Amino acid sequence: MEGPQSSTPASLGLLLLLLLPLGPAWYVAAQRCPQTCICDNSRRHVACRHQNLTEVPNAIPELTQRLDLQGNMLQVIPAAAFQDLPHLTHLDLRHCQVELVAEGAFRGLGRLLLLNLAFNRLSALPQEALDGLGSLRRLELEGNRLEELRPGTFGALGALATLNLAHNALVYLPAMAFQGLLRARWLQLAHNPLSVLAPEALAGLPALRNHFPSVPRAAFPGLGRVVSLHLQHCGIAELKAGALAGLGHLVYLYLSDNQLSGLSAAALEGAPRLGYLYLERNRFLHVPGAALRALPSLFSLHLQDNAVDRLAAGDLAGVPTLRWLYLSGNRITQMSPGALGPAQELEKLHLDRNQLQDVPTWALEGLPALLELQLSGNPLRTLRDGAFRPMGGSLQHLFLNSSGLEQISPGAFSGLGPELQSLYLQKNHLRVLPALSDLSRLELIDLSGNPFHCDCQLLPLHRWLTGLNLRVGATCAAPPSARGQRVKAAVAVFEACPGWAARKAKRTPASRPGARRTPIKGRQQGADQVGCGVGGPRPWWVGQVLKPPV
Ligand SMILES: *[C@@H]1O[C@H](CO)[C@@H](O)[C@H](O)[C@H]1NC(C)=O
Ligand SMILES: *[C@@H]1O[C@H](CO)[C@@H](O)[C@H](O)[C@H]1NC(C)=O
């Protein structure tokens, strides 16, 4: 059968319609579409996907710019395999079972921008396999079996910006592996067993190779313009002095999921623009404070899921520029007063899933810009008066969910208020909670998953929520008559409380600023008389009763 093969008669019709006026040119193009392919000559695309092809079909239109051959069985890409297609800009050879790319396989493809060789079976690349690709911007080699790269493999790729080598079997990169990549911006090496990255290390320490894998000095020559370097899941236990030397444009360094337990300043030198350092899931016992001095532009430090057990004074002394600090999922029990102080510009602090038994109020002093504080998943149990006072002026988002909270002092949030927009208190053990009337800017408060005890103790909260006009998720767990009702809706319980009537009476005068204090004393006796079930010292909710509704 002649002519373009099309998956649907409709698109064939469309194609014919588009190409009809071309007359003889159409005929030529039609002649040249291989049977197993779909040729969209108007867009210069040819797709021959999943056809079990064992070689590149001939008779592909010469003007083709995009050729999609994914899902075939090519196995070998012979020399000059595409020499009749000099206009190609995109070549897709994914999932083609390719085991060998011959020297000069892509010769003649001087206009190619994207070459996708991902998910093949390449275990090596001959020295001149990539010759002739002087315009290539992006090379995908993810998911092959590459074990090593020879010096100069990428030497002809002077325009390459993105090189993806993730999920290979690279254990060894010679010093000149990336020579010639003058424009590389994004280098992906994640998921490779990169125990050693240069011949020096290998030569000196062959026996120790598996025990002391390391990234040696000047491991990345010729990568002066790389902005983003991906080294996750590479088995790296040590960065040697100078390992980052020459990475003058590096902004993002991904070292997550390795075996690092420390870093030295000497190891981080040479990357003065580094802003984002990813060290999640390593083996750090401390914040590598001294090393961070080598990073004058550090903006975001990711240390989640390590084994850091404390924050000491000086840990952040070297990073006055730090804005975001992620320490979730460590074992922090202690934070020294002023431990964070040097990071004056800190905006986001994540301390969730640690072992803090108390809000580290004094460690949080001196952070005038703090916007977000994550403390959820710590065994806090109670919140003291003034626990957040030092950051009251700036804090917008406070996470205290799943913190085993049983009790919150009436003054716990004092000082907070002018900026606080969201407060997460869900999944705690709160039976009672003071009204949080000072938090006048709240846009989100989550109180779900708490066993609120809906009796007169909770009247201030009920009253505050009634005026709040937000969905908060607070429900009564007791008494049985109110179980499952929203605290806001359980009016029947609260209208029996004496404060209920007082509120109606006080509504107007309470809105005068001076009127707040005076009535409290007067009502205190009234509240005591209700007998809300607590004897002894005056319970905190007495006096709260008369706070004006919002
Ligand atoms: C490719 O080969 C497989 C397995 O032999 C077969 O199931 C499939 O139908 C073939 N596909 C085409 C397009 O010939
Ligand atoms: C706390 O709540 C936030 C927002 O709902 C959620 O993303 C986070 O995972 C919670 N933290 C814990 C430790 O449960």
Side-chain angles (χ1 to χ4, degrees), residues 1 4-8 33-39 46-57 60 67-75 92-98 119-121 280-281 302-306 308 324-333 335 347-360 370-383 387-388 395-406 408 412-413 416 420-430 433 436 439 442-451 470-475:
M1 188 178 131
Q5 309 293 300
S6 179
S7 49
T8 67
C33 192
Q35 276 200 16
T36 46
C37 304
I38 298 168
C39 299
V46 174
C48 328
R49 296 172 163 207
H50 305 287
Q51 295 297 319
N52 296 343
L53 298 173
T54 54
E55 52 188 42
V56 178
I60 291 174
L67 176 58
D68 184 351
L69 285 166
Q70 63 175 292
N72 285 291
M73 299 160 61
L74 300 179
Q75 286 169 348
D92 197 337
L93 296 167
R94 267 176 289 181
H95 293 286
C96 281
Q97 303 175 19
V98 178
F119 307 106
N120 280 292
R121 298 174 182 172
E280 304 99 309
R281 293 176 297 282
H302 299 249
L303 273 164
Q304 297 97 312
D305 301 299
N306 277 277
V308 177
W324 301 342
L325 175 58
Y326 299 90
L327 283 162
S328 318
N330 279 277
R331 301 176 190 161
I332 299 172
T333 53
M335 291 173 62
E347 288 175 1
K348 231 189 246 189
L349 176 58
H350 285 199
L351 288 165
D352 48 308
R353 296 186 291 114
N354 276 284
Q355 297 301 322
L356 292 166
Q357 297 187 5
D358 205 356
V359 176
L370 196 66
L371 302 177
E372 181 175 316
L373 177 59
Q374 248 287 14
L375 282 170
S376 50
N378 280 283
L380 297 176
R381 304 231 319 275
T382 61
L383 295 182
F388 304 98
L395 205 63
Q396 294 179 355
H397 309 286
L398 178 57
F399 292 80
L400 291 163
N401 42 308
S402 302
S403 298
L405 288 174
E406 289 163 10
I408 295 183
F413 299 116
L416 277 181
L420 202 70
Q421 291 169 14
S422 59
L423 176 59
Y424 296 84
L425 282 166
Q426 72 271 24
K427 298 186 189 158
N428 280 296
H429 308 311
L430 296 168
L433 181 73
L436 305 174
L439 307 181
L442 270 190
E443 288 169 15
L444 188 159
I445 175 167
D446 192 342
L447 296 174
S448 61
N450 281 290
L470 286 179
R471 256 192 109 82
V472 300
T475 47

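As the structure lists them, so they are numbered: ligands from 1, and atoms in each ligand from 1. On a predicted model such as this, the values are computed, not experimentally measured, just so you know. Computed from heavy atoms alone, side chains included, the values below leave out hydrogens, waters and symmetry copies.
Contacts between Lys427 and ligand 2, counted as non-hydrogen atom pairs separated by less than 4.0 Å, are absent for every part of the residue. Looking at Asp352 against ligand 2, nothing comes within 4.0 Å, counting heavy atoms.
Ligand 2 has an N or O atom lying under 3.5 Å from an N or O atom of Gln426, backbone or side chain. Looking at Asn401 next to ligand 2, an N or O pair under 3.5 Å apart turns up.
Interatomic distance, His350 NE2 to Leu375 CG, rounded to the nearest 0.5 Å: 10.0 Å.
When all heavy atoms of Val98 and Asn120 are compared, the pair lying nearest together is N-OD1, 2.9 Å.
When each of Asn401, Asp446, Ile408 is paired with Leu425, the side chain to side chain contact (heavy atoms under 4.5 Å, CB included) condition holds for Ile408 and for no other. When each of Asn354, Asp305, Asn306, Asp352 is checked for a side-chain hydrogen bond (donor to acceptor under 3.5 Å, both in side chains) with Ser328, only Asp352 meets the rule.
Within a 4.0 Å radius of atom 11 (N) of ligand 1, the protein has at least one heavy atom. Using a 4.0 Å threshold on non-hydrogen atoms, atom 4 (C) of ligand 1 does not count as touching the protein.
The neighbour count for Gln75 CD, taken as heavy atoms of other residues, nucleotides or ligands under 6.0 Å away, is above 12.
Thr333 is linked by a side chain to side chain donor-acceptor pair (under 3.5 Å) to nothing, counting only residues two or more places apart in sequence or in another chain. Looking at residues two or more places apart in sequence or on another chain, you find no salt bridge (Lys or Arg N to Asp or Glu O under 4.0 Å) involving Glu372.
Among protein heavy atoms, atom 13 (C) of ligand 1 sits closest to His50 O, 3.5 Å. Protein heavy atom at the shortest distance from atom 8 (C) of ligand 1 is Asn52 ND2, 3.8 Å.
Counting the atoms of ligand 2 from 1 in the order shown, those under 4.0 Å from a heavy atom of Tyr424 are 4 (C). Close contacts of ligand 2 with Ser402, meaning ligand atoms under 4.0 Å from a residue heavy atom, involve 14 (O).
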